[in-house]
Structures are given as structure tokens and as C-alpha cells.
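Residue numbers count from 1 along this sequence. These numbers were taken from a predicted model, which means no experiment stands behind them.
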Amino acid sequence: MGLATMHLNRRAGEDVRHPEWLPVRDTGPVPYDPTIYLGSAAHYRYGRPAYSPELEAVLAQETGLNGEGRLLDVGCGPGVLTVRLAHLFQQAVGLDPDAGMLAEGRRAAEEQNITNVRWVQGLAEDLPSIAAGPYRLVTFGQSFHWTDERSVAEIVYDMLEPGGALALIVHTVAGRTRPPDPGVPTIPHEEITALVGKYLGSTRRAGQGTAAERTHRFEDVLTRTRFGVPRQCFVPGIPDLLRDSESVLSGYLSLSWSAPHLFGDRLDDFTAEVRALLASRSPDGIFWDWPGDTEVVLARKRD
């Protein structure tokens with residue numbers, strides 16, 4: 001397979017998986033802050049690398065998708081996963097509290113002439129009233145950690161059709177085999193993160209507050225719901241993904257802890273420093289990225 005260039009519809013995430021020895025608990029109520037991704041929507045689809053190209057096939061095989069039934073993509077952001085999976089269903093619903101993200105999703109669907117998606121503004125905790133079931137599949141693409149996890153999982157269980165499934169989808173690097181280096185400069189993540197700290201401080205921000213440290217696994221939460229013990233599977237990620245400098249910068253501006261609004265009137269200074277750093281590492285502005293394999297935590301509703 002030749003070197004693949006990252007396109008506008010590819011997406012990454014900021015979920016971090018944690019060791020098994022950490023205490024078992026879940027998030028509890030998570031107050032919604034509408035500024036979490038303020039200014040990020042335009043960067044999200046360009047700056048985030050895609051899930052595995054085999055994801056659709058794996059989901060279809062694991063859950064028996066055949067073009068019928070309905071999909072609910074919760075915390076859909078700009079609809080990358082919603083739009084990507086819509087053809088596997090009779091109808092897809094993208095749910096997100098951020099109007100800017102939903103606008104990007106609508107634009108993407110229109111560009112690809114996808115007409116079976118309905119976009120709904122709201123929180124996972126507002127379910128089921130704002131997007132009533134039943135659904136064959138409910139997905140959370142790196143968004144489950146923003147919710148009242150156990151409560152939302154129980155709500156989703158009731159919204160699924162018999163035999164339906166919940167899929168939590170994330171990028172995972174830890175414990176996965178890193179592909180061979182293709183001889184292209186890698187993204188200087190440590191230095192860019194240091195620049196974020198220079199402008200915003202060492203404590204990671206999230207909207208008007210700070211980002212909570214995750215101390216548990218999704219599997220532990222789901223096991224204590226009616227879903228029971230979920231299944232974990234890994235789908236091979238993209239081993240030869242190339243990104244240009246602007247995509248790398250957009251990737252950081254799409255994250256909750258380095259969203260554009262956090263920099264205030266220093267945003268131009270920050271972006272100039274990042275561009276200078278990237279130019280010094282790769283004169284032609286091309287970088288290799290490996291966002292990891294795509295991990296799917298799959299839980300089924302009993303028939």
C-alpha cells in the first residue's frame with residue numbers, strides 16, 4: 001500500500017486509555033460547558049486522522065448491519081463517523097450539543113450527497129426525548145467520556161432494538177505494534193504540547209474549567225450496567241498516513257485543551273510559533289502520523 005495522504009473527512013481523538021490497576025468508578029454527572037470546543041469545528045474534520053479503513057466492515061460483521069435499521073451517533077462532532085456509517089442504515093441520527101459542529105456535519109453530508117442523516121442538537125443526558133429509538137447501533141466516537149457514563153449507558157440500553165449494540169470507538173496507541181517508520185519526519189508532539197503550555201499553562205484547560213483526569217476504563221463502567229461484560233476488538237489503523245503542516249496545526253486547534261478561544265488575542269502568536277516549529281522539522285511541510293489502531297468496545301442488548 002502506498003503512502004496515504006490525510007483528507008478532510010479523517011478524524012482523530014483525544015481519549016487516553018488508562019492502566020487496569022486504576023480504581024473502578026465512572027464520571028457521574030458532567031456539567032456541559034458550551035465553550036469546550038468553541039472555534040474548533042472548522043478544524044476538526046481537517047485536523048483529526050481517520051479511524052481504520054476497515055471499521056465499517058468490522059461493525060457490519062459484528063452487529064449484522066444490512067442497510068436497515070437506524071444509527072445514533074452520540075457526540076457526533078462534525079459528523080465524520082455519522083456520515084461515514086450512514087450508508088449502512090436506513091436512517092442515521094447525529095447528536096451533538098455544539099451548533100457549529102452540527103453545521104459542519106450538515107455541510108459534509110451535503111457535499112457527499114448523503115440524505116438519510118438527521119442532525120439533532122442536544123446532550124446524551126437529554127436522551128431519549130430528543131432522539132427516540134429504537135436503534136440498531138449507537139456509537140460514541142471518542143465522546144463517551146464527556147457523559148454521565150453509567151447513566152447514559154443505561155439510557156442507551158433501553159433505546160436499542162433487541163440484539164442491538166453500543167459501540168465505543170477510540171484510537172489506541174498503548175500496547176499496539178507501531179508500524180515501520182516510512183522515512184518521513186514525525187510530528188513533534190512534545191514540542192507542540194510544550195508550546196500550548198507556554199501560552200495556556202501546565203494545567204490542561206477545558207472550556208471555562210480544567211480537564212478532569214480519567215481514572216477508569218469504559219469496560220469497567222459497562223460491566224456494571226445491564227449490558228454486562230463488553231467485547232473489545234482492535235481494527236488495524238492507517239500505517240502510512242501523511243499529514244501536512246496545516247493539518248497538524250488544525251489537529252491541535254480541534255482539541256478541547258487547545259481550542260482557539262483559549263488563546264484569546266494570542267492565537268496568532270501561537271499558530272505562528274507552531275508553523276515555524278513545523279517548518280524547521282520538515283521543509284516540505286509533510287509529516288508521518290500513526291494515531292494507533294481503532295479500538296471498538298462493543299456491548300450488546302440481549303434479544
Side-chain angles (χ1 to χ4, degrees), residues 1-20 43-62 77-78 80-81 83-85 139-145 167-196 214 217-219 230-255 257-258 274-275 277-298:
M1 180 167 57
L3 290 175
T5 302
M6 178 175 172
H7 300 292
L8 293 182
N9 65 334
R10 293 189 170 174
R11 178 183 180 189
E14 52 191 303
D15 178 76
V16 178
R17 309 317 305 270
H18 289 263
E20 297 184 11
H43 297 280
Y44 209 101
R45 300 183 70 242
Y46 182 47
R48 301 236 185 164
Y51 296 122
S52 169
E54 301 174 34
L55 177 61
E56 290 94 331
V58 170
L59 288 175
Q61 179 179 352
E62 291 290 332
V80 177
L81 192 58
V83 170
R84 181 170 165 176
L85 299 180
T139 55
F140 288 77
Q142 299 175 135
S143 59
F144 191 60
H145 62 288
L168 310 181
I169 302 169
V170 300
H171 289 288
T172 297
V173 173
R176 310 308 300 164
T177 301
R178 183 181 177 88
D181 189 327
V184 178
T186 58
I187 299 171
H189 286 299
E190 290 187 5
E191 290 89 339
I192 299 175
T193 300
L195 283 176
V196 173
R214 184 174 181 80
R217 305 181 309 157
F218 296 147
E219 296 92 319
R231 181 181 176 191
Q232 179 188 46
C233 60
F234 293 91
V235 192
I238 303 171
D240 51 6
L241 175 62
L242 297 185
R243 301 177 59 180
D244 61 33
S245 295
E246 289 304 302
S247 169
V248 173
L249 175 58
S250 282
Y252 276 87
L253 294 177
S254 76
L255 299 171
W257 52 272
S258 51
V274 173
R275 289 188 175 106
L277 170 64
L278 295 175
S280 72
R281 297 302 176 85
S282 177
D284 60 358
I286 301 297
F287 295 88
W288 175 52
D289 187 19
W290 185 64
D293 290 330
T294 299
E295 180 179 354
V296 181
V297 177
L298 195 65

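Between P291 and L241 the shortest side-chain heavy-atom distance falls below 4.5 Å. Taking 4.5 Å as the limit, every side-chain heavy atom of P230 sits out of range of all side-chain heavy atoms of F218. In this structure, the side chains of D284 and S282 come closer than 4.5 Å at one or more pairs of heavy atoms. Looking at D240 and P182, their side chains never come closer than 4.5 Å, going by heavy atoms from C-beta outward.
Of the charged side-chain nitrogens involved, none lies within less than 4.0 Å of a carboxylate oxygen, so that R176 and E295 do not count as a salt-bridged pair.
Classified by interplanar angle (parallel below 30°, tilted 30° to 60°, perpendicular above 60°), the ring pair Y252/W257 is perpendicular.
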> Checking side-chain contact (heavy atoms from CB on, under 4.5 Å) for the pair L278/I192: CA distance, chi angles, key distance, verdict?
Replying inline: CA-CA 9 Å; L278 295 175; I192 299 175; 4.1 Å; yes

>> Assess the residue pair V235 and D293 against the criterion (side-chain contact (heavy atoms from CB on, under 4.5 Å)); give the C-alpha distance rounded to whole Å, side-chain angles, the decisive distance to 0.1 Å, and a yes or no.
In response: CA-CA 6 Å; V235 192; D293 290 330; over 6 Å; no

> side-chain contact (heavy atoms from CB on, under 4.5 Å) between L55 and L81: does it pass, once the steps are laid out?
Replying inline: CA-CA 10 Å; L55 177 61; L81 192 58; 3.9 Å; yes

>> Run F140 and H145 through side-chain contact (heavy atoms from CB on, under 4.5 Å) and show every step you take.
In response: CA-CA 9 Å; F140 288 77; H145 62 288; over 6 Å; no

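Atom CZ in R281 sits 8.5 Å away from atom OG1 in T186 (nearest 0.5 Å). Rounded to the nearest 0.5 angstrom, L59 CG and L298 CG are separated by 7.5 Å. A distance of 6.5 Å separates CD1 in I169 from CG in L85, rounded to the nearest 0.5 Å. Of the inter-residue distances, the one linking L195 atom CG with E191 atom CD reads 8.5 Å to the nearest 0.5 angstrom.
For E54, there are no salt bridge (charged side-chain N to carboxylate O under 4.0 Å, His left out) partners two or more places apart in sequence or in a different chain. S52 pairs by the side-chain hydrogen bond (donor to acceptor under 3.5 Å, both in side chains) definition with nothing, not counting sequence neighbours.
For the residue pair W288 and V184, the shortest heavy atom distance occurs at N-CG1, 3.7 Å. A pairwise comparison of heavy atoms in P53 and I238 identifies CD-CG1, 3.8 Å as the closest pair. R243 approaches S247 most closely through the heavy-atom pair NH2-O, 2.9 Å. The two residues H171 and G292 make their nearest non-hydrogen contact at ND1-O, 4.4 Å.
In this structure, a donor-acceptor pair under 3.5 Å is present between the side chains of D244 and Y46. Judged purely by distance below 3.5 Å, without hydrogens or angles, the side chains of S250 and H43 pair a donor atom with an acceptor atom.
With hydrogens and angles disregarded, a donor-acceptor distance shorter than 3.5 Å links the side chain of S254 to the backbone of G251. Side chain of S280 to backbone of L277: a donor-acceptor contact under 3.5 angstrom is found. Checked by atom type and distance alone, the side chain of R178 never pairs as donor or acceptor with a backbone atom of V173 at under 3.5 Å.
A side-chain contact (heavy atoms from CB on, under 4.5 Å) with F234 is found for exactly one of V58, V296, T172, T294, namely T172.
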